[in-house]
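Here the structure is laid out as structure tokens; the discussion comes afterwards.
Because the structure is predicted, anything quoted here is derived from the model rather than measured. Convention: sequence-line order gives letters A, B, ...; per-chain numbering from 1.
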Amino acid sequence: MSRYDPSVIEPKWQNEWEAKKPFKTPTDLAELKKKPKFYVLDMFPYPSGAGLHVGHPEGYTATDVVARLKRMQGFNVLHPMGWDAFGLPAERAAMRDGIHPAVITKRNVDNFRRQIKRLGFSYDWDREVDTSAADYYRWTQWIFLKLYEKGLAYLAEVPVNWCPALGTVLANEEVKDGKYVETGDPVERRLMKQWMLKITAYGDRLLEDLDGLDWPDGIKEMQRNWIGKSEGAEVTFKVEGSSEAFVVFTTRPDTLFGATYCVLAPEHTLVSKITTAAQQAKVDAYVLEAKNKSELARKEDAKTKTGVFTGAHAVNPATGKPVPIWIADYVLAGYGTGAIMSVPAHDTRDHEFAKAFGLPIVEVVKGGKDVQAEAFVDEGVAVNSGLLDGLATGEAKKKMTAWLEEQRLGKKRVQYQLRDWLFSRQRYWGEPFPIVHCEDGSIATIPEAQLPVELPHVDEYKPTADGRPPLARAGDPWLGVTLPNGKKGVREVNTMPQWAGSCWYYLRFLDAKNDQQAWNPELEKYWMPVDLYVGGVEHAVLHLLYARFWHKVLFDCGLVSTKEPFQKLFNQGMILAYSYRSEAGKYYHPKDVDDRDDGAVVKATGEKLHKQVEKMSKSKSNVVSPDEVIEEHGADAMRLYELFMGPLEQVKPWQMSGVAGVARFLDRVWRLVVNEETGALSAKLTDAGPESEPDLHKALHKCIQAVEKDTLGLRFNTGISHMMTFANEATGAKTLPKAIARTFMTVLAPYAPHLAEELWSRLGGEGFVSIAPWPKFDPALVVENTITYAVQVLGKLRAEIQAPIDATEAEVRALAEAEPKMKPWLEGKTVKKFVFVPKRLVNFVVG
RNA sequence: GCACGAGUGGCGAAACUGGUAGACGCAGCGGACUUAAAAUCCGCAGGUCCUUUGGUGGACCGUAUGGGUUCGAGCCCCAUCUCGUGCACCA
């Protein structure tokens with residue numbers, strides 16, 4: 001073989017790695033403790049039937065490059081991969097095709113594994129996990145028992161998001177605008193008895209501990225918003241002429257004097273009790289209308305405020321005056337107390353409502369705006385507010401809250417938007433709960449020693465005729481059980497949501513084969529926390545919040561040693577692709593398109609096409625599969641291009657011609673070492689020391705330094721550009737000392753490991769270059785001894801001069817003034833100021 | 001509507017802490033090699049204009065737009081526009 005042929009060398013080295021396991025992470029603790037650790041984790045995929053597209057391996061390639069570099073730098077690196085294998089698509093496919101979801105899942109996993117392995121990632125495959133395997137979900141159930149024991153898992157009759165199309169409930173997080181976010185199927189509200197996890201008990205810690213994490217600010221902010229902590233007060237309003245009272249929540253207790261009416265949510269229990277006979281008909285109609293309005297319609301109507309007067313009045317506890325009580329759907333039953341005090345002068349929504357219904361607007365915070373025309377919502381100085389007058393908003397809040405507490409009319413309160421986590425699903429393909437509902441109405445847990453509660457076989461994967469979840473089809477002996485204490489009962493037939501398995505998989509990787517424990521505590525102490533976690537921004541809230549919650553519970557149980565699981569998080573940007581659409585809206589596959597400078601046309605017909613960048617999707621004919629890229633250019637080129645496209649965090653379009661570009665670079669590296677005609681080593685290679693090519697030697701060390709720095713800083717695109725620069729210089733050099741070539745292979749190895757291994761072995765390198773020590777750059781070789789100074793006049797570049805690295809300001813100035821090009825710019829001018837930036841530039845400020 | 005992020009050549013992008021804008025690559029152009037093409041190697045390449053027989057040399061403009069701070073701004077400040085993402089009646 002003489003040409004660079006990835007289809008030959010890539011399988012060759014993958015087989016070598018598979019056989020000799022250079023990437024196996026030690027499992028022995030004493031062995032591990034000899035070296036520092038680095039845990040670099042990918043968000044493991046859900047193995048869908050469609051296989052990988054080129055977006056998946058972007059993050060995997062990034063972590064693999066870091067893992068390989070760290071390994072070469074002498075770290076024990078934990079770099080595992082697994083499958084988030086429970087989930088709805090497999091269950092749907094099972095229903096459609098009548099095949100067990102486990103079979104479908106295995107098929108998909110096998111395909112994913114095959115595709116991932118083709119890219120030459122240095123995973124320790126001995127630690128592969130599958131959340132749908134009984135020896136994995138056994139421990140998921142075990143963690144559920146921990147939650148249950150701590151009182152963090154409970155059954156509750158709650159209004160849930162029921163999705164008729166799927167026949168299951170969904171978490172709040174899975175519903176947006178009244179639709180299931182994944183499929184767009186409509187969702188309705190229903191009351192059902194469900195398992196809930198008390199994530200709200202951890203709201204404060206989930207919020208506070210964000211501060212210590214090295215995460216993108218945007219993600220932290222999204223989590224903060226999701227938790228939605230707001231501090232304020234609750235205030236009791238008495239209903240005039242009745243013994244009834246209701247409580248409102250407000251973040252602005254300082255504006256109580258300006259509360260000119262109150263609003264209850266239409267669902268508020270008090271509505272039926274206080275409505276006057278005269279208003280009854282109108283109120284009933286409004287409540288009915290609100291009830292039937294879909295989530296979507298309610299959002300649509302958000303601009304126009306609607307509402308009805310109940311006829312009743314409440315007493316403003318500050319002013320003692322009666323204020324009307326209205327009902328309106330802009331007050332949400334599910335947040336706070338489902339009732340508000342309205343301060344139209346200082347709240348936009350209340351202002352709109354007051355304007356619409358002619359309710360009084362009273363200014364209580366001075367802000368220089370006309371509150372009759374527009375609400376003033378900022379902080380200011382209290383007015384028309386009795387005891388608060390003259391106080392700044394912050395002070396006024398405190399004073400009012402204290403006063404309310406004194407009068408027993410209210411108290412300080414912290415409110416979260418975060419809700420408890422709805423944790424059961426009416427599905428088959430998920431973890432069964434280790435729970436038995438006893439005949440006497442009590443709930444029993446399955447003892448740890450008897451876990452796992454395995455998924456039973458069922459005849460069909462849909463709900464029973466009477467609407468119970470698929471597990472109810474299992475029948476006895478699975479369904480009905482007799483407990484050791486003789487009690488009889490029925491197993492829980494809900495299953496856990498897909499998020500459960502991914503809440504702790506990073507812990508199972510530490511000790512994946514352990515059949516006695518979920519993980520060994522000593523190994524946990526050694527490896528945790530995760531040092532680098534890379535994945536898509538789509539998991540910013542849900543997965544990351546749930547996993548943090550479980551981790552904190554495990555921490556409180558003494559089962560993990562860190563407060564947080566993921567110390568550093570990085571989100572890769574989505575990879576998009578160009579798509580070609582005709583006037584009529586038909587999409588064409590790139591292979592049928594001629595993309596010329598003057599526009600894209602259909603090859604066959606010459607029809608003009610619109611070219612745009614869009615998300616990859618089958619319907620747009622713009623999906624690129626790693627398989628096709630590897631077949632054309634090889635896995636190393638694929639890896640390199642994934643990272644060379646641009647910054648990892650950025651959204652960017654895939655361009656096949658770009659892959660060809662990096663492939664060309666690899667080809668060039670190949671030719672540095674191999675004579676393509678003969679297959680022998682290139683005639684340029686010499687056995688002389690690296691000093692025999694001083695310029696190239698310097699270039700090499702600059703390259704080592706830059707690649708190391710950029711890789712660890714996750715700036716892979718510039719790292720690769722430095723390797724290209726070196727290869728270009730090496731191509732231009734007269735000779736190439738083998739020592740330099742070998743060292744360059746170690747630098748290349750994390751990025752293009754197959755090629756590096758092949759050339760390393762041809763150059764006589766020992767063992768695998770993938771685990772060879774990372775080279776140390778020589779600081780003396782990376783500094784220049786002459787510097788090019790930019791010479792500016794009034795900030796504009798007028799000349800360039802060369803000066804020794806250690807030249808003083810006066811010396812550089814003298815050189816600049818002596819430069820002939822500078823003559824016309826300086827002649828006859830007075831230099832008012834001279835700016836000297838060492839090693840960069842000088843600037844003459846002339847008058 | 002609110003919050004955050006981003007706007008740099010034909011394209012993907014680089015530019016450290018305010019210091020020579022466009023590294024590296026794609027596409028393009030020219031040359032060498034070749035019967036020819038591909039591949040490869042060498043070179044050119046932001047725009048406008050001027051200059052030179054020619055190689056060249058030079059001026060001005062240029063990082064979404066308009067202002068500002070500074071000896072000097074892609075980077076800092078103010079305002080505006082566009083795009084993206086998230087949240088969205090959360091009291």
Nearest-angstrom distance, [atom1] atom, [N] to [M]:
{"N": "B:G57", "M": "B:G18", "atom1": "P", "result": "34 Å"}
{"N": "B:U40", "M": "B:C77", "atom1": "P", "result": "46 Å"}
{"N": "B:A3", "M": "B:G62", "atom1": "P", "result": "32 Å"}
{"N": "B:G5", "M": "B:A64", "atom1": "C1'", "result": "16 Å"}
{"N": "B:A32", "M": "B:U48", "atom1": "C1'", "result": "33 Å"}
{"N": "B:C16", "M": "B:U69", "atom1": "C1'", "result": "23 Å"}
{"N": "B:U63", "M": "B:A21", "atom1": "C1'", "result": "7 Å"}
{"N": "B:G72", "M": "B:U20", "atom1": "C1'", "result": "12 Å"}

For the side chain of [X] and the backbone of [Y], is there at least one donor-acceptor N/O pair under 3.5 Å apart?
{"X": "A:Asp350", "Y": "A:Ala345", "result": "no"}
{"X": "A:Tyr335", "Y": "A:Gln415", "result": "no"}
{"X": "A:Asn316", "Y": "A:Leu256", "result": "yes"}
{"X": "A:Arg252", "Y": "A:Thr393", "result": "no"}

Please tabulate the protein-to-nucleotide N/O contacts below 3.5 Å involving nucleotides 45-52 of chain B, giving atom names and distances.
none

Quick one: look up who [N] pairs with, Watson-Crick or G-U, both distances under 3.5 Å, and put none if it's unpaired.
{"N": "B:U70", "answer": "none"}
{"N": "B:U80", "answer": "B:A64"}
{"N": "B:U40", "answer": "B:A32"}
{"N": "B:G55", "answer": "none"}
{"N": "B:A88", "answer": "none"}
{"N": "B:A27", "answer": "none"}

Inset, instruction - Using a cut-off of strictly less than 4.0 Å, decide whether A:Arg715 has a side-chain nitrogen or oxygen near OP1 or OP2 of B:C16. - result: no
Inset, instruction - Would you indicate, yes or no, if B:G62 has its OP1 or OP2 atom less than 4.0 angstrom from a side-chain nitrogen or oxygen of A:Lys796? - result: no
Inset, instruction - Please report the closest heavy-atom contact between A:Leu640 and A:Ile720, naming both atoms and the distance. - result: O-CD1, 3.5 Å
Inset, instruction - Please work out whether the ring planes of A:His346 and A:Phe376 are parallel, tilted or perpendicular, with thresholds of 30° and 60°. - result: perpendicular
Inset, instruction - Determine the interplanar angle of the A:His543 and A:His539 rings, folded into 0 to 90°, and report it as parallel if under 30°, tilted if 30 to 60°, perpendicular if over 60°. - result: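 Plane angle over 60°, so perpendicular.
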Inset, instruction - Scan A:Lys821 against the nucleic acid and name what it touches under 4.0 Å (heavy atoms): base, sugar-phosphate only, or nothing. - result: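 Sugar-phosphate only.
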Legend entry - Touch class at under 4.0 angstrom, heavy-atom based, for A:Asn225 against every strand present: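 The residue A:Asn225 makes no contact with any strand.
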How close or far is atom [atom2] of [N] from atom [atom1] of [X], stated in whole angstroms?
{"X": "A:Arg224", "N": "B:G86", "atom1": "CZ", "atom2": "P", "result": "19 Å"}
{"X": "A:Phe237", "N": "B:A91", "atom1": "CZ", "atom2": "P", "result": "16 Å"}
{"X": "A:Met645", "N": "B:G12", "atom1": "CE", "atom2": "P", "result": "11 Å"}
{"X": "A:His633", "N": "B:C26", "atom1": "NE2", "atom2": "P", "result": "12 Å"}
{"X": "A:Lys684", "N": "B:U40", "atom1": "NZ", "atom2": "C1'", "result": "13 Å"}
{"X": "A:Arg671", "N": "B:A39", "atom1": "CZ", "atom2": "P", "result": "11 Å"}
{"X": "A:Gln415", "N": "B:A91", "atom1": "CD", "atom2": "P", "result": "8 Å"}
{"X": "A:Phe716", "N": "B:A13", "atom1": "CZ", "atom2": "P", "result": "17 Å"}

Inset, instruction - Classify the side chain of A:Lys305 versus the base of B:C89 as yes if they form a donor-acceptor pair under 3.5 Å and no if they do not. - result: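 Between B:C89 and A:Lys305, which were checked side chain against base, a qualifying N/O pair under 3.5 Å is present.
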Nearest to the side chain of [X], which nucleotide is it out of [options]?
{"X": "A:Met222", "options": "B:C41, B:G86, B:G19", "answer": "B:G86"}
{"X": "A:Asn843", "options": "B:C71, B:G12, B:A91", "answer": "B:C71"}
{"X": "A:Tyr578", "options": "B:C42, B:A39, B:C11", "answer": "B:C11"}

Do [X] and [Y] form a cation-pi contact, if we require the NZ or CZ to be under 6.0 Å from the six-membered ring centre and within 45 degrees of the ring's axis?
{"X": "A:Lys305", "Y": "A:Tyr330", "answer": "yes"}
{"X": "A:Arg639", "Y": "A:Tyr751", "answer": "no"}
{"X": "A:Lys611", "Y": "A:Tyr580", "answer": "no"}

Could you list the protein-to-nucleotides 20-25 of chain B atom pairs, N/O on both sides, closer than 3.5 Å?
residue: B:U20; atom: O2; partner: A:Glu800; partner atom: OE2; Å: 2.6
residue: B:U20; atom: O4; partner: A:Thr788; partner atom: O; Å: 3.2
residue: B:G25; atom: OP1; partner: A:Asn728; partner atom: ND2; Å: 2.9

Inset, instruction - Please work out whether B:G9 sits syn or anti, treating a glycosidic angle within 90° of 0 as syn. - result: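 Because its glycosidic torsion lies within 90° of 0, B:G9 adopts the syn conformation.
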Legend entry - Any donor-acceptor N or O pair under 3.5 Å, side chains A:Gln802, A:Thr788: yes
Legend entry - Residue list, ring pair (Phe, Tyr, Trp, His ring centres under 6.0 Å) with A:His701, at least two apart or on another chain: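 Partners of A:His701 by the ring pair (Phe, Tyr, Trp, His ring centres under 6.0 Å) criterion, ordered by chain and then number, come out as A:His697.
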Legend entry - A:Asp667 or A:Gly336, whichever maps to the more 5' nucleotide of RNA chain B: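 The residue closer to the strand's 5' end, by nearest nucleotide, is A:Asp667.
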Legend entry - Closest-nucleotide 5' rank along RNA chain B - winner of A:Val793 and A:Met341: A:Val793
